[in-house]
2 protein chains.
Amino acid sequence: MHQKRLIQSEIDTLNNILTHINDELENLNRSERKVAEVILADPQTATRSTIAVLAKASQVSEPTVNRFCKKFNTAGFPDFKLHLAQALARGVPYVNRNVEPEDTSDSYTPKIFDATISSLAYAKEKLSPAVINQAVDQLIQAKQILFYGLGASGPVAQDAQHKFFRFNIPVTAYDDVLMQRMAAAACGTGDVVVVISYTGRTKELVDIAALARKSGACVIGITASASPLAKHCSVVLGVEAPEDTDVYMPMTSRIVHLAVIDVLATGVTLRRGPGFLSHLKKIKDSLKDTRYQTEPATRQN
Amino acid sequence: MHQKRLIQSEIDTLNNILTHINDELENLNRSERKVAEVILADPQTATRSTIAVLAKASQVSEPTVNRFCKKFNTAGFPDFKLHLAQALARGVPYVNRNVEPEDTSDSYTPKIFDATISSLAYAKEKLSPAVINQAVDQLIQAKQILFYGLGASGPVAQDAQHKFFRFNIPVTAYDDVLMQRMAAAACGTGDVVVVISYTGRTKELVDIAALARKSGACVIGITASASPLAKHCSVVLGVEAPEDTDVYMPMTSRIVHLAVIDVLATGVTLRRGPGFLSHLKKIKDSLKDTRYQTEPATRQN
DNA sequence: ATTTTTATGTAAGTAAATTACATTTCTGTT
DNA sequence: AACAGAAATGTAATTTACTTACATAAAAAT
């Protein structure tokens, strides 16, 4: 409970002077609150306003706006606008990030993209390159790699398999618990099991991770760092998605996981050295005959 | 070829005034180039400079700086700084977005996230909510939904199935051409086939889309808008990923596709009305017993 | 060589932001 | 309830920043 709140507020701080304003609303003077409300109502416009316009809109004097800006650790109005613009550029709606029942395709389309983007931005900050490196260390020397995911993470595991087969290492993705358990029991030193789970709380999967570990495999978790699953992993790639984003179905979480897979695949590719690129090219080129070529007969649209 | 260039430069404008400046360096006047160089050398500082300071640093007059700004489609110097600040906030490196052989985990990790984020930002701008709406129109009244994907799009189709089964419509994902072809042949009015393909040039899949269409199905394409596949679709959700991002394996493209799936699923959910949320909740809650609860014994990490 | 176009700078004017100071409003005390 | 002190807000002046109009210089074309 408390943990979740903490994460949320970290996201806020990380991203956003807007959330900061929102949080401080209580502690502001009457006039300053007017300013805050006008800004929060339409921050995009605020970034393009002059101090005079904003003062008028808030029905306060210009110096009040200026004082307001300084309260938020900015040098003055122009600097404040700069911070505001940067917060907005991150694409994070500071309130109402969630889709509402009244939304139309005009409004929910950008909201979903924004939520996805902001999860990625958050994960980018939080993921430690050092830990990525550890994971790559393990993957590069694996005799065999297994990707495990259940539910929405099933396709993520499949996707990972689709990437890693290129490395000439035996790779399998399992999305059912029986196969996962059997394969985990059969593991030995040199095998790497990558367990993908958003919550890290699925009992079966926690069990299976423990089992794989006991069998001598290296277990890499792509999961929430403070989860039961994480405790059983040799390497934890911690990704906590903000609360409330995935209301009733997994959305942003699995996309972040895919991005992590991309990072790992890239890491392995680079370790393999420049000669390996031609190998990848060969695989890509193998598809050539199955495709229509780009040049001809594509004048339209 | 030309098409690609166009898309690339659009991305630049959208994402990143810095890349835009970098690309246009050649086409600038001598004085304006001086300004460009000073800005590129330290864009962060530029956002906090006044026009006078920047003019002096570039050894040109203030109006030259002003004219420079206007060349990049900004209203003037303050507006230019705003764009610059936003570009920087996105954290997208304006040159060398691509992973280089020399990169370490410190550098390739953020690069991959940035590339993913910027593809999403681009898709967000380009996707038309009206077309989304058309697709949702079709999906909401479908007797049956089929998701087709090959290769890297296979897992995307699986993921879509995993989302759409919640809507109480028969949903199937196929990732092999034989099943796809047979199912397409068996389609009739009221069936919706969602074909997912990054390039839109896989011959088999283009064939299959045409077949499904001929059978009376509505074909929704999540693919490049100017592709052979797009020509056979009833509704095209056009997503062109920037060139060079997915060098030797599909990376950002499939993530954008997943985001599109999320948007569609959200659209369908909203159409179903508020009562439907409790149905979704029921599905989510069904997992409760398979999970460790959040509260207890999670003090560490 | 001359005209035309393009590039750049100067200087003036306008707009924006900040500061100093005056006034009002609130708070707590007698 | 009246008053002193403090805090909040506004007014007006000042400073700073930005833009425009125009002039000059450089380059390109005839």
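Just so it is clear, the structure is predicted and the values come from calculations on it, not from any experiment. Proteins get letters first, then strands, A, B, ... in listed order; numbering begins at 1 in each.
One end of the helix from C:dA1-D:dT30 to C:dT30-D:dA1 points its axis 20° away from the other end's axis, with each axis taken from 5 pairs and the angle rounded to 10°.
Side-chain contact between B:Ile21 and B:Phe68 is present, with at least one heavy-atom pair separated by less than 4.5 Å.
Checking D:dA17, D:dT9, C:dA16 against every side-chain atom of B:Thr50, the shortest atom distance belongs to D:dA17. Listed nucleotides: D:dA8, C:dA17, C:dT8. Nearest to the side chain of A:Asn29: D:dA8.
Nearest heavy atom pair, residue B:Ser105 against residue A:Asn133, reads OG-CG, 3.6 Å. Nearest approach of A:Arg48 to B:Leu82, heavy atoms of both residues: CG-CD2, 4.0 Å. Taking each heavy atom of B:Ser197 and B:Gly200 in turn, the nearest pair found is OG-N, 2.9 Å. Considering all non-hydrogen atoms of both residues, A:Lys124 and B:Asp114 come closest at NZ-OD1, 2.9 Å.
Residues from residues 70-80 of chain A placing a heavy atom under 4.0 Å of any atom in DNA chain C, listed by number, are A:Lys70, A:Gly76, A:Phe77, A:Pro78. Within residues 60-69 of chain A, the residues having any heavy atom under 4.0 Å from DNA chain D are, by residue number, A:Val60, A:Ser61, A:Pro63, A:Thr64, A:Arg67.
As rounded to whole Å, 14 Å separates atom C1' of D:dT19 from atom NZ of B:Lys81. If you measure from atom CG of A:Leu54 to atom C1' of C:dA16, you get 13 Å, rounded to the nearest angstrom. The distance from atom CZ of A:Arg30 to atom P of C:dT27 is 10 Å, rounded to the nearest whole Å. Here the P atom of nucleotide C:dG9 and the CD1 atom of B:Ile51 are 13 Å apart, to the nearest Å. Per the geometry, CD belonging to B:Glu32 stands 9 Å off C1' belonging to C:dT8, to the nearest Å. Spacing between atom NZ of A:Lys56 and atom C1' of C:dA15 amounts to 15 Å, rounded to whole angstrom units.
Between B:Phe72 and B:His20, the angle of the ring planes goes over 60°, which puts this pair in the perpendicular group of the 30/60° scheme.
Enclosure of atom CD in A:Glu24 by more than 12 non-hydrogen atoms of other residues, nucleotides or ligands within 6.0 angstrom is indicated. Around NZ of A:Lys71, the count of heavy atoms belonging to other residues, nucleotides or ligands within 6.0 Å exceeds 12.
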Test side chain to side chain contact (heavy atoms under 4.5 Å, CB included) applied to B:Val239 and B:Thr223, step by step: CA-CA 6 Å; B:Val239 180; B:Thr223 190; over 6 Å; no
B:Ile17 vs B:Phe80, side chain to side chain contact (heavy atoms under 4.5 Å, CB included): CA-CA, chis, key distance, verdict: CA-CA 9 Å; B:Ile17 197 166; B:Phe80 176 85; 3.8 Å; yes
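At a threshold of 4.0 angstrom between heavy atoms, the contacts of B:Lys34 with the nucleic acid are absent.
The backbone N or O of B:Ala85 lies less than 3.5 Å from no partner atom in the side chain of B:Thr47, so there is not a single donor-acceptor pair.
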